[in-house]
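See structure below.
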Amino acid sequence: MKSRLLRFLKLIGLTALLIVLLMVTGIGIIFLRSDLYSFRPRLERIHKIIETQRQATPNIPPFLLKCIENDLTNNGVDLFSAKQLLFHFDLNRTTNFRWPVRCYMWCYSVRWHISPSDRDFLACAFFRQ
């Protein structure tokens with residue numbers, strides 16, 4: 001009786017682990033698809049936006065830098081930049097479910113491909129508009 005209960009609990013645990021692994025794999029595949037087919041083809045244009053802002057404002061004002069640094073803990077600035085990039089590239093026309101997913105995928109792509117100092121300039125580029 002006790003061994004049947006242990007086997008049943010192991011089966012439940014392994015099933016839960018398999019479900020979690022499948023979910024993580026699915027999210028990873030969605031991120032890679034978003035990164036490869038949506039973000040990376042626009043990366044060169046994103047770097048042009050950053051360079052234009054760098055030439056326009058070589059030194060970010062200290063107050064603005066402090067605001068950006070204080071907001072980095074909750075992805076606020078990177079998420080803001082990702083949303084603004086999606087609007088800039090006219091990729092904002094999507095369903096209510098897909099919009100937040102696309103925003104977060106682009107947020108992590110911004111963090112993955114763009115250095116922190118360049119992300120500051122990217123955020124500043126959209127603050128001035």
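Reckoned from all heavy atoms, side chains included, excluding hydrogens, waters and symmetry mates. What you are looking at is a predicted structure, and each value in this text was computed from that prediction instead of being measured.
Across all non-hydrogen atoms, the minimal contact from Pro100 to Asn96 is CD-O, 3.1 Å.
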Discussion item. Using the rule given for side-chain contact (heavy atoms from CB on, under 4.5 Å), can you reason through Arg119 versus Asp78, listing the C-alpha separation, both sets of side-chain angles and the distance that settles it, and then say yes or no?
Written reply: CA-CA 7 Å; Arg119 289 197 310 253; Asp78 294 334; 3.2 Å; yes
Practice prompt. List the steps and the verdict of side-chain contact (heavy atoms from CB on, under 4.5 Å) for Phe121 and Gln55.
Written response: CA-CA 10 Å; Phe121 282 108; Gln55 291 170 357; over 6 Å; no
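Atoms CG and CZ, from Leu9 and Arg4 in turn, are 14.0 Å apart once rounded to the nearest 0.5 Å. Note that NE2 of His47 and CZ of Arg54 are 10.0 Å apart. Values are rounded to the nearest 0.5 Å. Note that the CD atom of Gln53 and the CG atom of Asp118 stand 11.5 Å from one another [nearest 0.5 Å]. A distance of 12.0 Å separates CZ in Phe80 from SG in Cys103, rounded to the nearest 0.5 Å. One distance of note links NZ of Lys83 with SG of Cys107; it measures 9.5 Å at 0.5 Å rounding. The line from OG of Ser81 to CD1 of Ile50 is 8.5 Å long, rounded to the nearest 0.5 Å.
For residues 7-27, there are no salt bridge (Lys or Arg N to Asp or Glu O under 4.0 Å) pairs, not counting sequence neighbours. The salt bridge (Lys or Arg N to Asp or Glu O under 4.0 Å) contacts involving residues 101-110 comprise nothing, where partners must be two or more places apart or lie in separate chains.
Residues that satisfy the side chain to side chain contact (heavy atoms under 4.5 Å, CB included) test with Asp90, not counting sequence neighbours, are Asn92, Arg93. The side chain to side chain contact (heavy atoms under 4.5 Å, CB included) test applied to Phe89 returns Arg42, Arg45, Ile46, Leu85, Leu91, Trp106, not counting sequence neighbours. Under the side chain to side chain contact (heavy atoms under 4.5 Å, CB included) criterion, Phe97 pairs with Thr95, Val101, sequence neighbours left out. For Arg40, the side chain to side chain contact (heavy atoms under 4.5 Å, CB included) criterion is met by Asp35, Leu36, Trp112, His113, not counting sequence neighbours.
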Scan the side chains in residues 13-32 for donor-acceptor partners under 3.5 Å anywhere in the protein, sequence neighbours excluded, and list what turns up.
unit_1: Thr15; atom_1: OG1; unit_2: Leu11; atom_2: O; d: 2.7
unit_1: Thr25; atom_1: OG1; unit_2: Leu21; atom_2: O; d: 2.8

